[in-house]
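Only this structure's heavy atoms are used, side chains among them; waters, hydrogens and symmetry mates stay out.
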Protein chains: 4
Amino acid sequence: MPPAPNPELRNQRSHRAILDAALELTTRDGYTKVTVEAIAQAAGVGKQTIYRWWPSKAAVVLEALNDLTGPAGRVPDTGDVAADITVAAQAVTHMLGTDLGTVWRGLVADAQGDPRLAEDLRESFFEPRIARWQERLDTAVRAGQLRTDVPTRTIVELLFGPIYYRLLLGTDRLDPENTAARVDYLLNGVGQR
Amino acid sequence: MPPAPNPELRNQRSHRAILDAALELTTRDGYTKVTVEAIAQAAGVGKQTIYRWWPSKAAVVLEALNDLTGPAGRVPDTGDVAADITVAAQAVTHMLGTDLGTVWRGLVADAQGDPRLAEDLRESFFEPRIARWQERLDTAVRAGQLRTDVPTRTIVELLFGPIYYRLLLGTDRLDPENTAARVDYLLNGVGQR
Amino acid sequence: MPPAPNPELRNQRSHRAILDAALELTTRDGYTKVTVEAIAQAAGVGKQTIYRWWPSKAAVVLEALNDLTGPAGRVPDTGDVAADITVAAQAVTHMLGTDLGTVWRGLVADAQGDPRLAEDLRESFFEPRIARWQERLDTAVRAGQLRTDVPTRTIVELLFGPIYYRLLLGTDRLDPENTAARVDYLLNGVGQR
Amino acid sequence: MPPAPNPELRNQRSHRAILDAALELTTRDGYTKVTVEAIAQAAGVGKQTIYRWWPSKAAVVLEALNDLTGPAGRVPDTGDVAADITVAAQAVTHMLGTDLGTVWRGLVADAQGDPRLAEDLRESFFEPRIARWQERLDTAVRAGQLRTDVPTRTIVELLFGPIYYRLLLGTDRLDPENTAARVDYLLNGVGQR
DNA sequence: TTGTAAACGAGACGGTACGTCCTGTCTTTTA
DNA sequence: TAAAAGACAGGACGTACCGTCTCGTTTACAA
């Protein structure tokens with residue numbers, strides 16, 4: 001086993017340049033077309049410097065994306081749960097509709113065949129965001145706005161499942177209006193009263 | 001442009017052997033690890049024979065999978081829409097929980113960077129199934145069991161989104177029981193009455 | 001172990017192009033500066049095609065050189081052994097004084113750290129030539145022109161040792177005249193009678 | 001140009017440790033397999049410390065070898081030139097037959113593609129030794145034991161050429177007995193009287 | 001029954017990207 | 001304030017697959 005590199009000696013300039021180049025290239029040329037070598041070159045960095053700190057192109061891009069979006073933020077709480085989750089879910093929908101959504105698709109694709117990356121994706125991205133959503137929904141449950149017999153984690157899946165479904169299967173365009181409508185269906189049910 | 005091959009001269013033995021080998025290898029070794037060359041070898045076939053009839057490994061595996069599951073079937077109609085879609089969605093959940101689900105993940109992954117494959121995936125797999133589901137849901141709408149102001153295509157997304165969310169993002173295990181519960185939430189809403 | 005490639009299916013055009021490019025580049029740029037990739041590119045060939053047929057750059061260059069010089073020829077026999085070996089040894093001296101000598105130095109250098117190459121070098125180049133020389137010297141022994149108690153293989157070493165000494169250690173320039181003088185010293189001895 | 005380091009500040013402990021490690025590692029693992037980094041590590045020294053004082057691995061090993069064998073000594077002079085050069089040449093033959101010979105081969109190999117190293121090799125090793133041999137042979141010439149019309153430098157080549165020929169081309173094992181026989185052939189000639 | 005044309009098994013090919021290794025320089029930290 | 005430790009830019013290595021391209025060899029229909 002090669003000795004683990006010492007993070008304290010890490011060159012911050014290179015680090016930044018790599019993340020910037022990764023984002024720049026993947027959004028411009030498409031995730032799949034970008035190679036580790038191209039990122040290294042664009043960042044003015046040796047290929048080994050990338051492999052010293054990340055195990056793969058995907059890991060670099062994931063960090064670049066996480067770095068761009070910042071840590072998971074709290075879901076807004078105005079007291080009106082329907083309005084709050086509509087706004088927040090629409091923001092996600094909008095983001096996934098840009099170039100970043102395309103990069104994101106590449107990342108999720110790579111994760112299908114790379115368990116370590118999948119784990120990293122969940123831990124660094126999905127779980128923190130799911131947790132923030134659950135906090136907001138728990139508040140709503142306590143406020144008597146949501147059923148008490150539905151796990152909030154399941155509600156999160158009901159909200160985001162259809163968004164990722166469209167993103168990854170491409171059956172329909174990602175559309176904030178549709179996202180808003182879905183919140184209504186979700187809260188009130190699609191069954192006839 | 002090379003002359004299009006004549007499908008009538010296609011060797012049926014090879015065709016079958018290729019589909020069988022593709023399924024066998026991808027379920028055994030994992031989608032990503034399998035190469036076109038390995039499929040050709042396992043099928044006792046030249047690599048060119050595969051490329052003559054399919055554009056990529058993914059296309060072969062997609063046909064193998066479609067061949068295995070048969071054409072989209074009608075969703076059962078006992079008159080009780082809740083029971084019917086529960087049963088049918090659970091069947092899907094179960095299937096995606098087996099080895100085939102893993103193969104399926106590989107296929108969807110490849111489709112992220114291959115628009116032709118994505119199109120093929122939608123046309124040959126998703127759209128026919130969505131159509132059958134919509135037919136069943138339309139019946140339920142006419143029977144006054146579902147709201148009339150919700151597009152049935154959206155209901156399908158609400159049903160399957162969370163299933164593919166779990167399959168592709170791996171946040172939780174695929175679970176038929178959870179699928180059943182979700183039908184309830186979907187029909188009755190998660191909001192407090 | 002990967003299956004050994006079938007030599008009968010070898011592409012003659014590529015084969016030739018590789019040997020030509022190897023010689024061209026090594027004489028032009030210097031043996032050490034040439035990479036396998038550069039040879040491949042100059043030959044219009046994939047790198048793998050080189051590695052399919054040769055284990056290393058050195059092996060390619062060795063074949064190119066052997067191909068250029070042809071199989072070991074018989075040493076001339078006019079009856080005058082002194083004259084014959086002078087002429088032949090001068091020819092070798094001259095050849096090693098050209099660009100090819102420089103390439104040859106690179107080859108011998110690589111052989112110091114690569115036993116397989118060293119073996120190849122001996123078997124395909126040195127031993128056949130040593131054998132031809134021994135044949136000529138044997139004739140001279142039988143003709144009463146050389147001592148019978150000196151192994152002819154040793155005489156070959158005495159002739160060529162100094163040539164390679166100069167080539168590889170660079171103490172003096174390779175010089176056909178000096179080579180001629182050495183034949184005299186060798187036959188008549190440097191000791192005072 | 002970076003300021004030349006001041007040799008007086010050179011740390012003697014490190015210097016020794018580097019030479020010792022270089023010899024230890026090259027004899028144990030083979031010249032080619034040893035890297036500058038490995039020498040630095042084994043010597044408990046930073047890589048830069050090596051590059052500050054030597055231009056390459058070869059230069060370090062050359063100094064280590066020169067340091068081990070000491071400066072070129074006078075060739076023995078008992079009055080019997082045949083006996084003297086036999087003994088001295090056998091000593092060289094024996095040395096080159098040990099592990100050191102293998103290291104030496106690596107050094108000569110590197111010199112083929114590195115003119116500066118080749119120059120260093122000649123100046124620090126070969127020329128001094130050639131000079132000592134010439135002194136002894138000059139004495140023999142004056143004593144009427146050697147022909148006066150043969151440059152002594154050429155006699156040295158005739159003596160050592162075959163030894164390096166075997167060392168570098170590997171056609172036969174290095175053998176002190178053979179070396180002794182060659183002195184006879186050299187002095188008395190291989191031609192029939 | 002033979003001729004011919006297409007598909008076939010086999011596998012070499014040109015090419016791209018990979019992840020590793022080493023070089024020689026530069027930077028940080030420690031003593 | 002020197003030097004160990006080691007990160008860095010650069011670049012070659014040898015491997016793995018890709019999708020294309022020859023090869024002869026069946027196979028199946030036409031003459």
Side-chain angles (χ1 to χ4, degrees), chain A residues 2-15 32-38 40-41 43-53 55-57, chain B residues 2-3 5-11 13-15 33-38 40-41 43-57, chain C residues 2-11 13-15 17 32-38 40-41 43-53 55-57, chain D residues 2 5-6 9-11 13-14 32-38 40-41 43-52 54-57:
Chain A
N6 179 349
E8 307 207 357
L9 297 180
R10 184 167 194 165
N11 182 326
Q12 292 308 314
R13 271 174 60 87
S14 297
H15 188 188
T32 341
K33 300 215 166 181
V34 174
T35 67
V36 173
E37 185 131 31
Q41 181 139 332
V45 139
K47 204 169 19 158
Q48 191 63 66
T49 298
I50 294 185
Y51 282 111
R52 184 162 22 242
W53 303 109
S56 63
K57 171 180 75 167
Chain B
N6 180 347
E8 308 207 358
L9 296 179
R10 182 169 195 165
N11 182 327
R13 272 173 60 87
S14 296
H15 187 188
K33 300 214 165 181
V34 175
T35 67
V36 173
E37 183 130 31
Q41 181 138 330
V45 139
K47 201 160 38 147
Q48 189 64 214
T49 299
I50 293 184
Y51 281 110
R52 185 158 23 241
W53 303 109
W54 294 275
S56 64
K57 170 180 79 168
Chain C
N6 180 348
E8 307 206 358
L9 296 180
R10 185 169 192 162
N11 182 326
R13 271 174 60 88
S14 297
H15 188 188
T32 340
K33 299 214 167 182
V34 175
T35 68
V36 172
E37 184 131 32
Q41 182 138 330
V45 140
K47 202 167 22 156
Q48 191 64 64
T49 299
I50 294 185
Y51 282 110
R52 185 160 23 241
W53 303 110
S56 62
K57 171 180 76 168
Chain D
N6 180 346
L9 297 179
R10 185 168 191 164
N11 182 324
R13 272 172 61 87
S14 296
T32 338
K33 299 214 166 179
V34 175
T35 67
V36 173
E37 183 131 30
Q41 179 139 332
V45 139
K47 206 168 21 156
Q48 191 61 71
T49 300
I50 293 185
Y51 280 110
R52 188 162 16 244
W54 294 275
S56 63
K57 170 180 76 167

key: Check against side chain to side chain contact (heavy atoms under 4.5 Å, CB included), A:Thr49 and A:Arg52   = CA-CA 5 Å; A:Thr49 298; A:Arg52 184 162 22 242; 3.4 Å; yes
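- Checking E:dC13, F:dG19, E:dC18 against the side-chain heavy atoms of C:Ser14 singles out E:dC13 as nearest.
- In this structure, of F:dA4, F:dC13, F:dT20, it is F:dA4 that holds the atom nearest to the side chain of D:Val45.
- Closest contact between the side chain of C:Trp53 and the listed nucleotides F:dC18, E:dA12, E:dA6 involves E:dA12.
- Heavy-atom distances to DNA chain E give each of C:Thr49 and A:Lys33 a nearest nucleotide, and the one nearer the 5′ end belongs to C:Thr49.
- Counting to the nearest Å, the P atom of F:dA3 and the CZ atom of D:Arg13 are 13 Å from each other.
- Put simply, CG on B:Leu9 is 5 Å from P on E:dA7, counting in whole angstrom units.
- Counting atom types as modelled, B:Gln48 pairs no side-chain N or O with a base atom of E:dC8 as donor and acceptor under 3.5 Å.
- Remark on DNA chain E: of its neighbouring residues C:Gly44 and A:Glu8, the 5'-side contact belongs to C:Gly44, judged by nearest-heavy-atom nucleotide.
- Between C:Ile50 and C:Val36 the shortest heavy-atom distance is CD1-O, 3.8 Å.
- Residue A:Pro5 is in sugar-phosphate contact alone, with no base atom involved, counting any heavy-atom pair closer than 4.0 Å across all strands shown.
- For B:Trp54, the ring-ring contact (aromatic ring centres under 6.0 Å, His included) partners two or more places apart in sequence, or in a different chain, are B:His15.
- Relative to the side chain of C:Tyr51, the nucleotides E:dA7, F:dC8, F:dT15 differ in distance, and F:dT15 lies closest.
- In terms of phosphate contacts, A:Arg52 brings a side-chain nitrogen or oxygen within less than 4.0 Å of OP1 or OP2 of F:dC8.
- In terms of position along DNA chain F, the nucleotide closest to D:Gly46 lies nearer the 5' end than the nucleotide closest to the other residue of the pair D:Gly46 and B:Pro55.
- Contact annotation: side chain of B:Glu37 to base of F:dC18, donor-acceptor pair absent below 3.5 Å.
- Between A:Lys57 and A:Thr32, the closest heavy-atom pair is NZ-O, 3.7 Å.
- Distances were taken from every side-chain heavy atom of A:Thr35 (C-beta onward) to each of E:dT29, E:dC18, E:dA12; the shortest belongs to E:dC18.
- Residue A:Arg10 contributes atom CZ, which lies 12 Å from atom P of F:dA9 at whole-angstrom precision.
- Between the P atom of E:dC8 and the NE2 atom of B:His15 lies a distance of 11 Å, rounded to the nearest Å.
- Between B:Lys57 and A:Pro7, the residue whose closest nucleotide on DNA chain F is further toward the 5' end is A:Pro7.
- Across the protein-nucleic acid pair, C:Asn11 atom CG and E:dG14 atom P stand 6 Å apart, rounded to whole Å.
- Counting heavy atoms of neighbouring residues, nucleotides and ligands inside a 6.0 Å radius, atom CZ of A:Arg10 exceeds 12 of them.
- You'll find a donor-acceptor pair under 3.5 Å spanning the side chain of C:Lys47 and the base of F:dG14, going by distance alone.
- Between the CG atom of A:Asn6 and the P atom of F:dA4 there is a distance of 18 Å, rounded to whole Å.
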